[in-house]
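These values consider heavy atoms only, across backbone and side chains, with no hydrogens, waters or symmetry-generated copies. Note that the structure is predicted; figures quoted are calculated from it, not measured. For the single chain, residues carry numbers from 1 onward in sequence order.
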Amino acid sequence: MDTTRIKGLTIAALGVLFITPDALLVKITSVDPIVFLFWRGLFLAVSFLVISWGRYRANLWQEVHRCGWKGWFCAFAFSLSTLGFVVGMKNTAAGNVLVILNTAPMIAALIARIVWKESLPLRTWAMIAVCVSGASLMAISEMGRGEPIGLLMAALAATALASNLNVARSRPEADMSVMLMFGAALVAIVAALFGGAQLPSLRDTLFIALLGLFFLPIASVLIQIGPRYIPAAEVSLMLLLETVIGSFLVWLFLDEVPSLLSMCGGAIVLCALVTHGWIEVRRYRRATGG
């Protein structure tokens, strides 16, 4: 084992930490979902452009070209996962959406195995099973009925996320994060076509801007870079941590007390991921003689 794996786990974990305020800031705003989606996409497109330009300057378009058709696939998949998540939340219970989204690590692992012939160690499969079970316990407490379109869009979001990370993993020499600005712009364009180009209140604009100009851009870039160093299944596995910390932030700031079942599921996910990180660090130290 070399520093590459530890680097990948660290990058993915940092990305997840930056994305955790997402649920809280979404709940704080009172704007219509399609309007929220438009401004989210617009702010993200601008932020991704600024970040990519700051990293590559005059070589930015050369880096975009290096990504090839797989980069455009990642951009499209990113927009699909965003659209699927928002439309899913709008048309069915949040618990239903979360249960389906929690299958993303399993989908990512299966795609990696079937399409890219990438095998995962047994301990990773075991960790995926434990974390998905824990995250599903959190979501089950909120499950309810909803329109079938909501379930289909949630499934689309999970599949698009898993596919995006797997395709990024297949081209580790290319930085697929530079393609996110195109995916975000597509989200804004689609939302605008459905009437989302409306100005929210100043309060809502500030919260959406905080999310779209700071937290989400940093999180998305780090998460998109993660598959260059570790399997896509492990990156999406780390994303389950967002469900735990995000729920805690909502509880802390909005006083939405989670159920006992939800807290048990969160504890399972948190303990499993901490154990996973501890095992990887121990393996790294053994391999390097540290």
Between [X] and [Y], what is the shortest heavy-atom contact and its length?
X    : Y    : answer
V31  : P200 : CG2-CB, 4.1 Å
S177 : S52  : O-OG, 4.3 Å
L44  : A184 : CB-CB, 3.7 Å
S236 : P105 : OG-CA, 3.2 Å
S220 : F48  : CB-CZ, 3.5 Å
E118 : P231 : OE2-CG, 3.7 Å

In the structure I gave you, are the side-chain heavy atoms of [X] and [Y] within less than 4.5 Å of one another anywhere?
X    : Y    : result
C67  : D175 : no
I51  : R55  : yes
V221 : I225 : yes
F18  : F214 : yes
I111 : W116 : yes
L216 : F43  : no
C131 : L273 : yes
I268 : S133 : no

Rounded at 0.5 Å granularity, tell me how far [atom1] in [X] sits from [atom2] in [Y].
X    : Y    : atom1 : atom2 : result
M179 : E63  : CE    : CD    : 10.5 Å
L180 : L49  : CG    : CG    : 12.0 Å
L25  : I208 : CG    : CD1   : 9.5 Å
F85  : L156 : CZ    : CG    : 13.5 Å
I34  : W39  : CD1   : CH2   : 14.0 Å
T10  : Y229 : OG1   : OH    : 11.5 Å

Tell me whether the count of non-hydrogen atoms from other residues, nucleotides or ligands lying under 6.0 Å of CG in L122 goes above 12.
no
Would you say that more than 12 heavy atoms from the other residues, nucleotides or ligands in this model lie under 6.0 Å from the CZ of F248, or not?
no
Check the hydrophobic clustering (I, L, V, M, F, W, Y; side-chain heavy atoms under 4.5 Å; chains of links allowed) and say if [X] and [Y] are grouped together.
X    : Y    : result
V50  : F182 : no
L202 : L42  : no
I107 : L161 : no
I189 : V46  : no
V115 : I128 : no

Can you check side-chain contact (heavy atoms from CB on, under 4.5 Å) on F215 and L17, steps first, answer last?
CA-CA 9 Å; F215 287 111; L17 288 178; over 6 Å; no
Counting distance only, does the side-chain N/O of [X] pair as donor-acceptor with the main-chain N or O of [Y] below 3.5 Å?
X    : Y    : answer
S170 : V167 : yes
N166 : A162 : yes
S47  : G212 : yes
S79  : F76  : yes
T103 : M106 : no
S81  : F78  : yes
R171 : R66  : yes

Residues in salt bridge (Lys or Arg N to Asp or Glu O under 4.0 Å) with R203, at least two apart?
none
Apply side-chain contact (heavy atoms from CB on, under 4.5 Å) to the pair L60 and M181, showing each step before the final yes or no.
CA-CA 12 Å; L60 174 58; M181 56 184 172; 4.3 Å; yes
What's the verdict on salt bridge (charged side-chain N to carboxylate O under 4.0 Å, His left out) for R5 and E234, showing C-alpha distance, side-chain angles and the deciding distance?
CA-CA 11 Å; R5 183 166 174 75; E234 289 197 79; 2.8 Å; yes
Does a side chain donor of either N164 or Q224 reach within less than 3.5 Å of an acceptor in the other side chain?
yes
Check the side chains of R228 and T4 for a donor-acceptor pair under 3.5 angstrom, ignoring hydrogens and angles.
no
Check each of I223, V16, I11, L14 against M238 using the side-chain contact (heavy atoms from CB on, under 4.5 Å) test, and report the only one that passes.
V16
Look at the aromatic rings of F73 and W69 and report parallel, tilted or perpendicular, splitting at 30° and 60°.
perpendicular
